[in-house]
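Below is one structure; the comments refer to it alone.
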Amino acid sequence: MVLNWEGGPPMRAARIVKYGAPDDLVVEQVPRPAAGAGEALVQVRAAAVNPVDVANLAGKVRVANGPAAEPPRTAGRDYAGIVVDGPESVRGLEVWGTSGGLGVSRPGTQAEYLVVPADTVRRKPENLSFAEAAAVGVSHSAAFLGLARRADVQAGETVLVTGASGAVGRAAADIAHWRGARVIGADLRLAEDLAVDLAIDSSKVDLVTTVRVATDGAGVDVALDTVGGALFGPVLDTLGHGGRSAVIASLGNPVAELNVLELYRNERTVFGVNTLDLTLAGAAEILDVLRRGFESGALRAPRVTTYPLEEARTAYQAVLAGAAGAKVVLLPW
């Protein structure tokens, strides 16, 4: 893809000009991209700021096909907006999108305009605002990939979600319920408004023992581990025979202990989930499914906190400090 970065009208964008902390992020004017053949120009009405965006700013992110593009580049992976140029079939649509490549190997979403392949834009849910739609991408894609694509959660099964108070945890609870599963949510700082069947404050009780008691000793069928690290082994210990665990992160130490004997004797399976390897086309397929969930009421709108684009540094600092389950979203317009 070739972007027109020369001579176009200016637009504002949050830019990674060097790797570092939120204070190193720069909001500046750059030439607006133009849509080429088979491409869509999206006026970005909202763009989420995710923990991975903070890691991207720090230079800690890469995609499957190689390292990130060198700075300067526009940040951001999630967006919602309006197609203002491109094929007639998509022009004027209110759309949403996400991808590992956005903001990493290609220009990102935290700008007034974005160019993407026209066949990857998807209509956003009618009942979500632009800010809510932009908040879905990374968190709900991670939860969907882990629970639906990897672990293949079935109706009647029991799912454990760690980090249940966070954005991915909340998305996972909704998706698991949508698929007919029972949900146990665990967190060190347990929010009071979680939509789970059983909430476990893992700062006060032993996770494995509590899950075993809650499942009459059988263990859970599926776990979505949004924490990893020291919790990786205990989460596997909550699984019953033939249980499946999907892990999307490893906070703190990336090296964890694993009881291999228990793993193979109980025929358990561990899946890794990395949304950075999700292509725009792959993300579009997932968003089509999620749109049906939101429009039917099976999935709830994400909680959002919004900032104008000019306050991108403050928004990044809020994510770094922890957003308590709410998604931080930039509004370029």
(message) Show the nearest heavy-atom pair for residues Leu41 and Ala35, with the distance to one decimal.
(response) N-CB, 3.9 Å

(request) Could you verify whether a donor N or O on one side chain and an acceptor N or O on the other, from Thr275 and Arg77, lie under 3.5 Å apart? (result) yes

(message) Between the side chains of Arg170 and Asp193, is the shortest nitrogen-to-carboxylate-oxygen separation below 4.0 Å, so that they form an ion pair?
(response) yes

(message) Side-chain heavy atoms under 4.5 Å apart, restricted to Ile/Leu/Val/Met/Phe/Trp/Tyr: what other residues fall into the cluster of Leu331, or is it alone?
(response) Val304, Val329

I'd like a table of donor-acceptor pairs (distance under 3.5 Å, sequence neighbours excluded) in which one partner is a side-chain atom from residues 249-258, with atom names and distances.
from: Ser250; atom 1: OG; to: Gly229; atom 2: N; distance (Å): 3.1
from: Ser250; atom 1: OG; to: Asn253; atom 2: O; distance (Å): 3.3
from: Asn253; atom 1: OD1; to: Val255; atom 2: N; distance (Å): 2.9

(request) Any pair with a residue in residues 307-333 that passes ring-ring contact (aromatic ring centres under 6.0 Å, His included), sequence neighbours left out, goes on the list, sorted by first then second residue, please. (result) Tyr113-Trp333

(request) For Phe294, check ring-ring contact (aromatic ring centres under 6.0 Å, His included) against everything at least two apart and list the hits. (result) His140

(request) Examine Val220 and Leu190 and state if one hydrophobic cluster contains both, with Ile, Leu, Val, Met, Phe, Trp and Tyr joined whenever side-chain heavy atoms are less than 4.5 Å apart. (result) no

(message) Checking Asn56 against Arg73: is there a side-chain donor and acceptor pair closer than 3.5 Å?
(response) yes

(request) Decide yes or no for Leu278 and Ile286: does some side-chain heavy atom of the first lie under 4.5 Å from some side-chain heavy atom of the second? (result) yes

(message) Nearest 0.5 angstrom please: Arg123 CZ to Arg291 CZ, how far?
(response) 4.0 Å

Using residues 83-91 as the side-chain source, report each donor-acceptor pair under 3.5 Å to any protein atom, sequence neighbours left out, with the distance given to one decimal.
from: Arg91; atom 1: NE; to: Gly86; atom 2: O; distance (Å): 3.1
from: Arg91; atom 1: NH2; to: Gly86; atom 2: O; distance (Å): 2.5

(request) Quick one: pull up OG1 in Thr162 and CG in Asp187 and give me the separation to the nearest 0.5 Å. (result) 8.0 Å

(message) Just by distance, no angles: are the side chains of Gln317 and Asp23 close enough, under 3.5 Å, to form a donor-acceptor pair?
(response) yes

(message) Do the side chains of Arg182 and Asp221 get close enough for a salt bridge, i.e. N-O under 4.0 angstrom?
(response) no

(message) On a heavy-atom basis, which atom in Leu194 and which in Ala164 lie closest, and how many Å separate them?
(response) CD2-O, 3.5 Å

(request) Locate the shortest heavy-atom distance separating Arg189 from Ser165; write the atom from each residue and the value. (result) O-OG, 3.1 Å

(message) Suppose clustering is done on Ile, Leu, Val, Met, Phe, Trp and Tyr with side-chain heavy atoms closer than 4.5 Å. Which residues sit in the same group as Phe271?
(response) none

(request) Please round to the nearest 0.5 Å and tell me the distance separating atom CG of Leu114 and atom OH of Tyr79. (result) 6.0 Å

